[in-house]
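For reference, the structure discussed in these notes is given below.
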Number of protein chains: 2
Amino acid sequence: MRHKSDEKYRKIIAAATKIFAQKGFFKARVSEIAKEAGIADGTVYIYFKHKDDILISLFEEKMQEVLGNMKEQIALETDPLKKIERFALVHLKLIEDHKDIAEIIQVELRQSSKFMKNYNNTKFLEYLDLISKIIQEGKEKGLIRDDIIPGIAKRAFFGALDEMSRFWVLSKKPKYDIQTASRQITNFFIHGIRKQET
Amino acid sequence: MRHKSDEKYRKIIAAATKIFAQKGFFKARVSEIAKEAGIADGTVYIYFKHKDDILISLFEEKMQEVLGNMKEQIALETDPLKKIERFALVHLKLIEDHKDIAEIIQVELRQSSKFMKNYNNTKFLEYLDLISKIIQEGKEKGLIRDDIIPGIAKRAFFGALDEMSRFWVLSKKPKYDIQTASRQITNFFIHGIRKQET
DNA sequence: CTAATAAATGAACGAAAATTCATGTTAGAA
DNA sequence: TTCTAACATGAATTTTCGTTCATTTATTAG
């Protein structure tokens, strides 16, 4: 490429993130995204095949980032129970720092199955599997009860965090801070799955 | 009303439930709903002001039903911990028996804030509060730890159940049955919040 | 049976957006 | 400097529905 720099591509993704978060995919207008990105409507179609393509790319990019970040953070801990604790904290922190990403993940995660029949959300599944791997590890080390099913536990844990963030995304003045929420959720999740009770 | 029977209204709601669940609100066509209901396009507008109105009415009706049913079921138990257990079971059973309702709640719950600025989802909040009331009751009876915050716990618990049902709604061949999922989730939730550990 | 009213119809309308494309602009090669 | 391919533009085109409304059909009262 001579130009067709990454720059415009990035700008469009950034603009779309903002607009999608603000109005949701269907109510977002391509022209509005273009305007936000400071380019002409037609330019969008040089970088993306169609509107859907913007969302898919955006989602892919963000999840990549989130996933990579989470992996790094988890690797800092050795104790599986500590890893779980950190997962919660990092996840909720992400939500707090990037409400726009959170909103898109929240909504689009639920919709993707409907408007993109054959979009297999690999990245998200990988994210979820970080949790089940930790649980598996904990079981092997004898820290987590044998009867805990990782496939269910990962969903329960993620679901708890996700519902909490939905609440944040929707309310302007969050009632609870991350630390508190994160601690509570981790706390009863860990109490619920671990072997020895205090 | 002379005629303008409830019948057509019901038919439209039923049709919309099916179509919305299938394609999501935005991709659903009014003409398609009409066709599914076996009536003319225009007839829809005799019973509903506009497309949004169909969704809101539908949501309201379904939540009413779900809420009423849940209240009844919970009332059958006296022990707060048992109530929690039953909540999980009833909720997941509902999802299993009415996938279409589940799909609509799943998606629309997340979207409502975006496409209906001033639609206060009272019914849903009431549903959530059933959980926090149980937790409160448990705390008063000394069954649940004092440091548990009902406002967070209710979301964590609901989130866990909700994420589990999302999984069901999306996958054709559920890996786990309700009983198992319900038991697991309840189990580590209860372990996580109660006072005396076994 | 007839009129009067209500309900239902579906073709047609029009507004809203997604996408296209003829034209203009730019950046680098020669 | 000139040439040209890649890029960018945004007005025009096309498509896609939600919604309307003139007309037809059904219902009930007198």
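The model shown is predicted, which means the values in this text are computed figures rather than measured ones.
Side-chain rings of A/Phe188 and B/Phe157 stay apart, their centers remaining 6.0 Å or farther from each other. Taking the six-membered ring for Trp, A/Phe158 and A/Phe87 have ring centres at least 6.0 Å apart.
Distance CD1 (A/Ile33) to P (C/dT19): 11 Å, rounded to an integer number of Å. Rounded to an integer number of Å, the gap from A/Phe48 CZ to D/dA8 C1' is 15 Å. Atom-to-atom, CZ of B/Phe20 to C1' of D/dG18 comes out at 12 Å; the value is rounded to the nearest Å. Taking atom NZ of B/Lys23 as the reference point, atom C1' of D/dC17 lies 13 Å away to the nearest angstrom. Between A/Tyr45 atom OH and D/dG10 atom P there is a gap of 16 Å when expressed in whole angstrom units. Taking atom NZ of residue A/Lys35 and atom P of nucleotide D/dT9, one finds them 15 Å apart after rounding to whole Å. The CD-P distance, from A/Glu32 to D/dG10, rounds to 17 Å in whole Å. Spacing between atom OH of A/Tyr9 and atom P of D/dA6 amounts to 21 Å, rounded to whole angstrom units.
Between B/Pro80 and B/Glu137 the shortest heavy-atom distance is CG-OE2, 3.8 Å. In this structure, B/Ile74 and B/Arg86 approach most closely via the heavy-atom pair N-CD, 4.4 Å.
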Using the 3.5 Å cut-off, write out each protein N or O paired with an N or O of nucleotides 14-17 of chain C and the distance between them.
from   : atom 1 : to      : atom 2 : distance (Å)
C/dA17 : OP1    : A/Arg29 : NE     : 2.9
C/dA17 : OP1    : A/Arg29 : NH2    : 2.6
C/dA17 : O5'    : A/Arg29 : NE     : 2.9

Short N/O separations, protein against nucleotides 9-12 of chain C, under 3.5 angstrom:
from   : atom 1 : to      : atom 2 : distance (Å)
C/dT9  : OP2    : B/Ala40 : N      : 2.9
C/dT9  : OP2    : B/Thr43 : OG1    : 2.4
C/dG10 : N7     : B/Gly42 : N      : 3.2

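Scanning for side-chain hydrogen bond (donor to acceptor under 3.5 Å, both in side chains) contacts around A/Asp53 gives an empty result, with sequence neighbours left out. In this structure B/Lys139 satisfies the side-chain hydrogen bond (donor to acceptor under 3.5 Å, both in side chains) test with no other residue, sequence neighbours excluded. Take B/Lys154 and apply the side chain to side chain contact (heavy atoms under 4.5 Å, CB included) test, not counting sequence neighbours, and it matches B/Leu128, B/Asp129, B/Ile131, B/Ser132.
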Atom pairs and distances, donor-acceptor, side-chain atoms in residues 28-40 of chain B, under 3.5 Å, two or more places apart:
from    : atom 1 : to      : atom 2 : distance (Å)
B/Arg29 : NH1    : B/Phe26 : O      : 3.0
B/Arg29 : NH2    : B/Phe26 : O      : 3.4
B/Glu32 : OE2    : B/Lys23 : NZ     : 3.1
B/Glu36 : OE2    : B/Lys18 : NZ     : 3.3

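Ion pair B/Lys11/B/Glu7 flagged as a salt bridge, since at least one NZ, NE, NH1 or NH2 atom sits closer than 4.0 Å to an Asp/Glu carboxylate oxygen.
Residue B/Tyr47 places at least one side-chain N or O under 4.0 Å from the OP1 or OP2 atom of C/dA8.
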